[in-house]
Each structure stands twice: as C-alpha cells, then as structure tokens.
Protein chains: 2
Amino acid sequence: MHLAPVEQSTPSRCVGCTARGRAVCSVFSPAAARAFDRLARPITLARGETLVWEDDDTLLVGFIVSGVVKLTASLADGREQILGLAGAGDMVGRPFGTRSSYSVTAVGPVRLCALGRPAFEQFAAAHPEVEHALLLRALDELDRARRWMLLLGRKSAGERVASLLVEFAERSPGNDVAFPLTRQQMGDLLGLSIETVSRELTKLRGAGLITLTDLKHFRVEDERCLRQRAA
Amino acid sequence: MHLAPVEQSTPSRCVGCTARGRAVCSVFSPAAARAFDRLARPITLARGETLVWEDDDTLLVGFIVSGVVKLTASLADGREQILGLAGAGDMVGRPFGTRSSYSVTAVGPVRLCALGRPAFEQFAAAHPEVEHALLLRALDELDRARRWMLLLGRKSAGERVASLLVEFAERSPGNDVAFPLTRQQMGDLLGLSIETVSRELTKLRGAGLITLTDLKHFRVEDERCLRQRAA
DNA sequence: CGTGTTCTTGAGAACGATCAATGGCGGTGG
DNA sequence: CCACCGCCATTGATCGTTCTCAAGAACACG
C-alpha cells in the first residue's frame with residue numbers, strides 16, 4: 001500500500017533531541033510532536049549574541065537544546081541585572097505577550113529550537129497538556145525569581161556569593177565545580193560590583209571553605225559551612 | 001415540570017462576586033463556575049493574619065475578593081523581604097507544588113475564596129481554559145517579579161522609592177494617592193531600611209515632586225520628574 | 001611572545017544601615 | 001473630654017559596607 005499513514009514518513013526531529021527529556025516537549029503526544037516539528041526550526045547563537053532585545057516585540061519562542069542564555073534587564077545608564085539563566089530544556093521568549101521585558105543573550109554557544117510566537121500560541125492552545133507543562137514551569141520560575149528577590153533585597157555581599165556558589169555546586173555532579181559565568185556576570189546576577197565578588201571569593205578561600213583550583217574552577221571544601229554563610 | 005435543569009436551582013455565589021471581573025474566575029464556563037462554587041468556601045483574614053507560612057505545605061489555594069495580602073520571605077535572623085502584593089482577583093497559594101517558599105499575610109482586612117489545593121488542581125486540570133488563564137497570570141507575575149529584581153539589584157534608594165510611588169500613583173485614579181503600606185512594609189518591599197524610605201520621601205517632598213498631605217496620603221506634583229527619578 | 005581581556009588587590013569616597021532621640025497620631029480608659 | 005500610652009514616622013549622628021577609581025597580575029588569544 002502506498003497510502004501508508006503519512007505521519008510515518010515524516011520522522012520527528014524531536015525524537016533524537018538531546019534536550020527532549022528535560023523540556024516541555026517531553027509531554028508532547030506523537031501528534032503534537034509532529035505538529036511542533038513542522039513549526040520549529042533550529043537556531044544557533046554564538047557567545048554574546050542576543051536572541052531577544054529588551055522592550056522589543058517578542059517574535060520568537062525557543063527551547064534550548066544546549067548551552068546557557070542569560071535574561072537581562074538594564075537601566076538607561078548601563079547598569080545591568082541578570083534576571084535568570086536558562087539552560088537545556090528551558091523555554092525562552094514570552095508567549096501570550098507582545099513586549100519582552102528583558103534581553104536574552106547567549107553566555108556561550110547555544111543551540112535552540114525556535115518557532116514564531118503566534119504559531120506557538122496556537123499550538124499551545126490546541127494542546128492542553130502543553131499548556132499544563134508550561135504552567136508548571138512558569139510557577140517554578142516564579143518561585144525561583146522570588147527566592148532571588150530575597151537575596152537581592154536582604155542578603156549581604158558575602159551571603160550572596162556563598163548562595164551562588166551553593167547553587168553552582170548543586171548543579172554539578174562532583175565536588176569540583178566550574179564557574180559557568182564570568183565575575184562580571186556573577187556580579188550582574190547578584191547585584192554586586194565585580195570587585196566585591198572577587199573579594200568575597202578570596203574571603204571564602206581564606207576561610208578554607210573553597211579552593212580556587214583555576215580561575216574557572218573551584219572545589220567545595222566545607223559544604224556545611226558554605227551553606228551556613230549563604231544564610 | 002419539576003425536572004427542570006438542576007443547575008438552575010443552585011445559583012452560583014460567583015455570580016455576585018465583586019472580584020469576578022478581575023479574577024481567573026472570569027473565564028469560567030457556567031458549568032465550571034458551579035463546580036468551583038461547590039469546592040470553594042469564603043475565608044476572612046484580619047490585618048496581620050497569615051494564611052500560608054513560609055516552608056509549610058500549601059494546603060490551600062485562594063482567590064482574593066477584597067483587601068491586600070503580602071508575600072514575604074525571610075532569613076533566620078529576621079530580615080524580611082516582601083516578594084509581592086496580591087489584591088482583588090489575584091490568586092494566592094501554590095498549586096502543583098507542595099511547599100510554599102513564602103508566607104502570605106493580610107495587610108488589612110481580607111476576604112477570599114479558598115479551596116483545598118488538590119481539589120483546585122483537579123478542577124484546573126479538568127478545565128483547560130482555567131489553566132490557560134492561570135498560565136497568563138503566572139507569566140505576568142513572572143515579568144513583574146523580574147522587573148522588581150532590577151530595582152532590588154541595581155537601583156539606588158532614591159530610585160527605588162520613586163519607582164514605588166509611581167506604581168502607587170498608577171494604581172490610583174486621581175492625583176491624590178494613599179499609601180497602601182506602612183513605611184516598614186515599603187522598606188521590606190524595596191530592600192531598604194525604614195529610615196532610608198522616610199528620608200527619601202522627604203527629599204522628594206523637598207524637591208517639590210510630591211506633597212505629603214497626610215502621613216498616609218501624598219499628591220504627585222510633577223509626574224514627569226518623578227518618573228525620571230525612578231530611572 | 002606580545003596584546004587584550006579578565007581577575008585581583010588596594011585606597012578612598014559614597015551610600016545606606018544602625019543607634020538614638022523626638023514628634024505626631026490614634027485608641028483607650030479614667 | 002482629656003490624659004495617657006503605644007505605635008509609627010521623622011530626623012540626626014555615626015558606623016560599616018559596598019562602590020568607584022586605579023594599578024598590577026594572571027590568563028587567553030593570535
């Protein structure tokens with residue numbers, strides 16, 4: 001029969017996607033995956049490239065396949081705040097809204113899977129399980145943003161840096177952790193100057209809580225104490 | 001006929017609800033409204049009463065009918081940060097998650113409409129239009145939280161206070177605005193001490209941008225300049 | 001092996017917190 | 001009705017933390 005189900009003849013690219021397990025896409029039904037596949041196209045960003053600009057119309061929604069992007073907001077005089085990081089499986093962009101209130105910029109090389117915002121909105125509306133998954137993620141992100149507000153509003157510089165190192169350590173398998181960010185980016189995330197970040201790191205080193213093996217790597221020597229300092 | 005549609009005989013309390021137009025409930029189908037009505041019960045809180053405690057299990061989801069609640073997180077030594085305010089029509093609680101990462105406390109007398117978290121989750125899952133509305137709200141809240149992160153991380157005390165006054169003014173119809181918060185609460189929201197808030201208010205008064213008619217009311221004299229100071 | 005970038009360290013200034021005292025307002029009870 | 005009390009807000013003086021400016025060191029790149 002040459003009238004075999006046409007779906008079989010368009011194998012989904014999603015199937016082999018390395019971010020599949022972590023992304024919203026994991027809840028796609030086979031039909032949804034095929035529909036998504038037709039709409040999405042791959043995009044790559046080099047380090048420093050910006051996908052969405054603050055205050056611009058959001059034309060795209062993307063799902064990160066690999067790499068890390070930062071979400072940043074800034075003031076007229078150039079002061080910048082990193083609002084969050086997004087990695088493999090995370091969504092970037094703002095469905096159901098026109099203006100983006102932040103920029104999305106690649107921290108390193110990034111691959112993602114993008115579609116037009118209106119197309120994605122239609123797709124989501126047609127698949128309640130997708131909207132449910134988006135809701136769960138949005139609520140999680142909201143919790144994370146709010147926890148960060150406590151850090152920005154009330155924690156001291158030392159507590160902020162310790163908190164960040166704990167977060168890095170939690171995301172890393174071994175005891176030896178790589179800084180995924182430059183000092184400048186850590187400052188922008190913590191609401192501190194680059195010099196203060198550096199000084200607090202040397203304080204922690206001096207206290208024996210961490211060792212800086214390399215400029216880009218550290219080792220947690222006393223996790224208990226480090227967590228305590230994170231307050 | 002005594003077999004008239006049974007739905008007609010259980011009029012929905014939602015129908016007369018004053019928060020109806022602003023809440024997620026506005027998208028309820030008649031059937032959804034009746035189902036919601038069976039599950040929800042009214043709750044009142046006095047000023048200072050806490051509905052949900054930080055780090056506690058979230059047992060309830062509520063929709064505010066009138067009044068204002070604050071969402072707060074705090075550190076072991078008592079430092080506190082207000083993460084946001086919720087008013088008529090807003091949802092409080094954390095569906096689809098067990099632990100609340102913040103407390104919910106009444107700023108003044110509050111009336112709300114509450115149901116058990118699991119019951120609400122089932123209800124939401126059964127009504128995709130409700131989940132869609134929740135998603136839109138969650139994304140909006142996320143944008144607001146992130147805008148606040150820029151304030152907490154990078155704005156000066158003067159800019160923070162001006163930003164807050166602009167927000168108050170935007171929510172008020174006339175030029176004469178009431179502070180919905182005490183100085184302490186404003187400090188907790190802005191990540192500042194109570195004294196700094198007070199000093200910045202007098203600076204703005206001295207500059208002629210606002211007049212403090214009463215301790216609890218101010219008038220915007222130069223909105224353009226005030227916005228400029230909000231950076 | 002330079003050259004540019006990033007990181008560290010230091011000195012000084014500025015900003016906001018803390019401590020302390022005073023003033024204003026509302027509620028309560030005599 | 002007034003006096004008292006408690007809470008909230010303002011103002012001042014001082015202290016500490018963090019930022020800014022500046023120089024030098026370590027590293028990454030061609």
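Chain A is the first sequence line, chain B the second, and so forth, proteins listed ahead of strands; every chain is numbered from 1.
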Which residues pass the side chain to side chain donor-acceptor pair (under 3.5 Å) test with [X], sequence neighbours left out?
X: A:T50; value: A:T105
X: B:Q81; value: none
X: A:Q184; value: A:D188
X: B:S74; value: B:E54

Problem set entry | Footprint string (nucleotides 14-22 of chain D, 5' to 3'): B base within contact, S backbone only, - free, heavy atoms under 4.0 Å | ----SSBB-
For this session: Can you check each nucleotide of nucleotides 23-30 of chain D against protein heavy atoms at under 4.0 Å and return B for base, S for sugar-phosphate only, - for none, in 5' to 3' order?
Result: ----S---
Listed partners of [X] passing salt bridge (Lys or Arg N to Asp or Glu O under 4.0 Å), at least two apart:
X: A:E195; answer: none
X: B:K216; answer: none
X: B:R117; answer: B:E121
X: B:R219; answer: B:D176

For this session: Would you classify B:R79 as touching base, sugar-phosphate or nothing, given that sugar-phosphate means primed atoms plus P, OP1 and OP2, and contacts are heavy atoms under 4.0 Å?
Result: nothing
Exercise. Which is true for B:R205 with a 4.0 Å heavy-atom rule: it touches a base, it touches only sugar-phosphate, or it touches nothing?
Worked result: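 Sugar-phosphate only.
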For this session: Measure the angle between the two terminal helix axes of the helix from C:dC1-D:dG30 to C:dG30-D:dC1, five base pairs each, and quote it to 10°.
Result: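 End-to-end axis angle for the helix from C:dC1-D:dG30 to C:dG30-D:dC1: 40°, rounded to 10°.
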Exercise. Should B:T202 be listed as having a side-chain N or O under 4.0 Å from OP1 or OP2 of D:dT11?
Worked result: yes
For this session: Tell me, yes or no, whether the heavy-atom count around B:E49 atom CD, taken from other residues, nucleotides or ligands under 6.0 Å, exceeds 12.
Result: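 Count over threshold, so yes.
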Exercise. Ring centroid separation for B:F96 and B:F120, is it under 6.0 angstrom?
Worked result: no
Exercise. Which whole-number value in Å describes the distance from B:I194 CD1 to D:dT10 C1'?
Worked result: 9 Å
For this session: Answer yes or no: is there a donor N or O on one side and an acceptor on the other, between the side chain of A:W53 and the main chain of A:Y102, under 3.5 Å?
Result: no
For this session: Evaluate the side-chain proximity of A:L201 to A:R183: yes if any heavy-atom separation is below 4.5 Å, no if none is.
Result: yes
Exercise. First contact, last contact: which nucleotides of DNA chain C are these for chain A, 5' to 3', heavy-atom distance under 4.0 Å?
Worked result: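 For DNA chain C, the relevant span reads C:dC7 to C:dA11.
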Problem set entry | Point-to-point distance, once rounded to the nearest 0.5 Å, from CG of B:L152 to CG of B:L190 | 7.5 Å
